[in-house]
Amino acid sequence: MTAFSFRFSRYISLHFHHYPANYAFFVSPINESCQLLIHPNPTLQNMANSNVAFFFFFALLIGHGIVELEASHHVYKHLLGLLSSAPANQPYRTGYHFQPPKNWINDPNGVMIYKGVYHLFYQYNPKGAVWGNIVWAHSTSNDLVNWTPHEPAIFPSQPSDINGCWSGSATILPGGKPAILYTGIDPLNRQVQNLAIPKNLSDPYLREWVKSTKNPLMQPTAQNQINSSSFRDPTTAWLGPDNKWRVVIGSKVDQLGLAILYKSKDFVNWYQSKTPLHSANTGMWECPDFYPVPIHGQSGVDTSLNGPYVKHVLKVSLDNTRHDCYTIGSYDNVKDVYKPDEGSVEGDSGLRYDYGKYYASKTFFDDFKNRRILTGWINESSSVADDIKKGWSGVHAIPRKIWLARSGKQLVQWPVTEIEKLRTNHISLANKLLKGGSVIEISGVTAAQADVEVSFEIKDFEKAEVLEPSWTNPQLLCSRKGALVKGRLGPFGLLVLASEGLKERTAVFFRIFKGHNKYMVLMCGDQSRSSLNQDNDMTTYGAFLDVDIRHHKLSLRSLIDHSIVESFGGGGKVCITSRVYPTLAINKAARLYAFNYGSQSIKISKLNAWSMKTAKIN
């Protein structure tokens, strides 16, 4: 085994000469420097020797592609070589969210459905609970709830990915043939784009993948002047009216985020378009996603569809702030230019998938159920030391169905219906008045692992607080007016993962304000008292919710799973995911409450809650 030092900045910058493709390279986290571990891998030697057979097979298949990207991560030198060992007592492990038995995970990659089987690839460190040694792990499912693990699908084995196999996307080619485009790190430390296809198309579990001998297919050069350290995460590809494939790759020039567009006739030979699909001054664009949504209805459509009956969504993961932001607009598939709708705001001040812990997301079209599904990574709020102690880091959000709201101005998200088969021990209540200052316990369910839906009815709107003109930042407003700050119409909502006596609780709630010519609804996720352990990040999140509360009841759904709270306000118009680590409110000691700390009464028109059974995951 040979070790080489390297410098870690936004992405790793390694210093060494070319090594043969039959060596496996693993990067382990460290502080401002790391070590690169290199060892011979007989499996990779065999893969390299099969190049000729692969490409004959590949030519018959035409080709395929996917990629995504890896966000920047801290590295920890003193943790190099430490193997995680998950302790028996695990109060924060989830019961129905996706996670492997131990170690680090991040971005979902290449999510797709093939022969009726759902496939999830993801960034995974098989050696520890911190970032490093990344491979493409692989699990499959028949229902997006229960998952079966397989051997890693993609790992360093070619010069074009010898220093890392980062995120990517999947494309289904004509004839139902899947392909993966992913970002690799080459011997010069450049980010380049590679192709892999299944070895056996008759295998519904796609357990073996073969890389193109023509890799890399897209790369920075002196001619294209692409930033070689900021060129990653190809999207799912789509076909244009000229029968050419298009794919977008995230990049930047200074602080100008770019969606660089490439085209190809055969999915193998790609050339760069003269102009990017889109750009904006929001910093580096990671994990871009570009797809159509029907103007009417909740169905999904194939990524290549365009026309008068669809809008297009461009989502980017902002490297500067770690938020997944999107705009809705139109796509000119002749000029290959995307234009956000008038009034759209790009960046953090605009629309987000989720206003809490949620990043590096990826959608795919589920042609089996005619829907578009959103997947995303929920990273930790705990300290690195605590992550190592518990032996794991990172989980994935519950897959969400996603569609265009009736207004055409935003997306709506809702947990896939399959998750509801885990519901058990149903309890309900209706027409319950919550007087000002009151708290009621919702008993009869397992509060640490539950699904809760509640609708609130509000009256006396004229008593709402006035929204000051300077109160334009909803997260800041939620921080200033947390769950314990008494108002008029609000705060009211749920206290989840709460301890008896409420020393610990995570509050998910609403406030009603009187704005200019309309009433404004503020939705907050207050983590400030979620744990007595002050080493955790206990940020408060918030967003304004676009709902006419004079004619509609105000709904809230929260999926509670030991250390995760995914909340959906207004039927999924605002989503806030919280990552919390209570010390008292764990397992059977956790409590669930509905509350109203405003001065005016609020009615619970209906509340339904269920305990959630544990899913079979990996």
Side-chain angles (χ1 to χ4, degrees), residues 89-97 356 381-382 398 422-430 432-456 478 482-486 490-510 523-534 536 538 540-541 555-569 576-598 602-604 606-614:
N89 183 26
Q90 289 280 357
Y92 306 128
R93 279 195 67 83
T94 59
Y96 57 94
H97 282 74
S381 296
S382 53
I398 297 300
L422 297 178
R423 288 172 167 176
T424 187
N425 299 334
H426 176 229
I427 65 101
S428 64
L429 59 87
K432 178 70 175 180
L433 190 66
L434 277 178
K435 294 183 178 180
S438 64
V439 178
I440 61 169
E441 183 170 4
I442 311 300
S443 57
V445 297
T446 306
Q449 193 168 310
D451 185 358
V452 186
E453 295 189 39
V454 58
S455 293
F456 297 99
C478 285
L484 292 180
V485 178
K486 185 177 180 180
F492 60 90
L494 298 174
L495 299 175
V496 304
L497 295 175
S499 64
E500 189 173 5
L502 298 179
K503 287 186 177 180
E504 292 181 334
R505 85 288 182 279
T506 297
V508 186
F509 63 87
F510 300 110
M523 178 175 166
C524 303
D526 181 356
Q527 301 180 135
S528 61
R529 297 200 176 194
S530 61
S531 177
L532 296 180
N533 181 355
Q534 297 300 309
N536 298 317
M538 294 187 282
T540 292
Y541 304 116
S555 69
L556 173 65
R557 181 181 182 183
S558 288
L559 294 172
I560 306 159
D561 198 0
H562 296 275
S563 59
I564 290 177
V565 184
E566 290 189 71
S567 296
F568 303 81
I576 297 177
T577 297
S578 298
R579 198 80 174 90
V580 297
Y581 314 89
T583 61
L584 304 175
I586 58 176
N587 297 327
K588 293 182 180 180
R591 300 286 186 269
L592 171 65
Y593 301 92
F595 79 100
N596 174 22
Y597 288 158
I602 302 292
K603 188 193 333 187
I604 297 177
K606 63 178 179 179
L607 183 148
N608 291 287
W610 299 264
S611 299
M612 294 292 276
K613 292 179 286 187
T614 297

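Model, not experiment: these values are computed from the prediction.
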Side chain to side chain contact (heavy atoms under 4.5 Å, CB included) evaluation trace for Met612 with Thr446: CA-CA 8 Å; Met612 294 292 276; Thr446 306; over 6 Å; no
Can you confirm whether [X] sits close enough to [Y] that some side-chain heavy atom of one is under 4.5 Å from a side-chain heavy atom of the other?
{"X": "Leu434", "Y": "Ile604", "value": "yes"}
{"X": "Lys613", "Y": "Tyr96", "value": "no"}
{"X": "Leu559", "Y": "Ile564", "value": "no"}
{"X": "Thr614", "Y": "Gln449", "value": "yes"}
{"X": "Ser555", "Y": "Phe568", "value": "no"}
{"X": "His562", "Y": "Tyr92", "value": "no"}

Rounded at 0.5 Å granularity, tell me how far [atom1] in [X] sits from [atom2] in [Y].
{"X": "Ser578", "Y": "Glu566", "atom1": "OG", "atom2": "CD", "value": "10.0 Å"}
{"X": "Leu422", "Y": "Ile398", "atom1": "CG", "atom2": "CD1", "value": "8.0 Å"}
{"X": "Phe595", "Y": "Phe492", "atom1": "CZ", "atom2": "CZ", "value": "9.0 Å"}
{"X": "Asp561", "Y": "Leu497", "atom1": "CG", "atom2": "CG", "value": "9.0 Å"}
{"X": "Leu494", "Y": "Glu453", "atom1": "CG", "atom2": "CD", "value": "11.0 Å"}
{"X": "Ile586", "Y": "Ser563", "atom1": "CD1", "atom2": "OG", "value": "11.5 Å"}

Tyr581 backbone acceptor or donor facing Asn533 side chain under 3.5 Å: no
Sidechain-backbone polar pair: Gln527 side chain, Arg579 backbone, donor-acceptor under 3.5 Å: yes
Audit row: Val565, Ile576, side chain to side chain contact (heavy atoms under 4.5 Å, CB included) steps and yes/no: CA-CA 8 Å; Val565 184; Ile576 297 177; over 6 Å; no
N/O donor to acceptor pairs below 3.5 angstrom from side-chain atoms of residues 501-509, sequence neighbours left out:
residue: Glu504; atom: OE1; partner: Thr583; partner atom: N; Å: 3.0
residue: Glu504; atom: OE1; partner: Leu584; partner atom: N; Å: 2.7
residue: Glu504; atom: OE1; partner: Ala585; partner atom: N; Å: 3.1
residue: Glu504; atom: OE2; partner: Leu532; partner atom: N; Å: 2.8
residue: Glu504; atom: OE2; partner: Thr583; partner atom: N; Å: 2.8
residue: Glu504; atom: OE2; partner: Thr583; partner atom: OG1; Å: 2.6

Ser528 and Asp526 side chains, donor-acceptor separation under 3.5 Å: yes
Heavy-atom closest contact (Asn536 atom, Ser382 atom, distance): OD1-CA, 3.4 Å
Set of residues satisfying ring pair (Phe, Tyr, Trp, His ring centres under 6.0 Å) with respect to Tyr541, sequence neighbours excluded: none
Step-by-step side chain to side chain donor-acceptor pair (under 3.5 Å) determination, Ser558 to Ser567: CA-CA 4 Å; Ser558 288; Ser567 296; 2.8 Å; yes
Using atom types as modelled, flag every donor-acceptor pair under 3.5 Å from a side chain in residues 436-445 to any protein atom, sequence neighbours excluded.
residue: Ser438; atom: OG; partner: Lys435; partner atom: N; Å: 3.2
residue: Ser438; atom: OG; partner: Lys435; partner atom: O; Å: 2.6

Within 6.0 Å of CZ in Arg529, more than 12 heavy atoms from elsewhere: no
Check against side chain to side chain contact (heavy atoms under 4.5 Å, CB included), Trp610 and His426: CA-CA 5 Å; Trp610 299 264; His426 176 229; 3.2 Å; yes
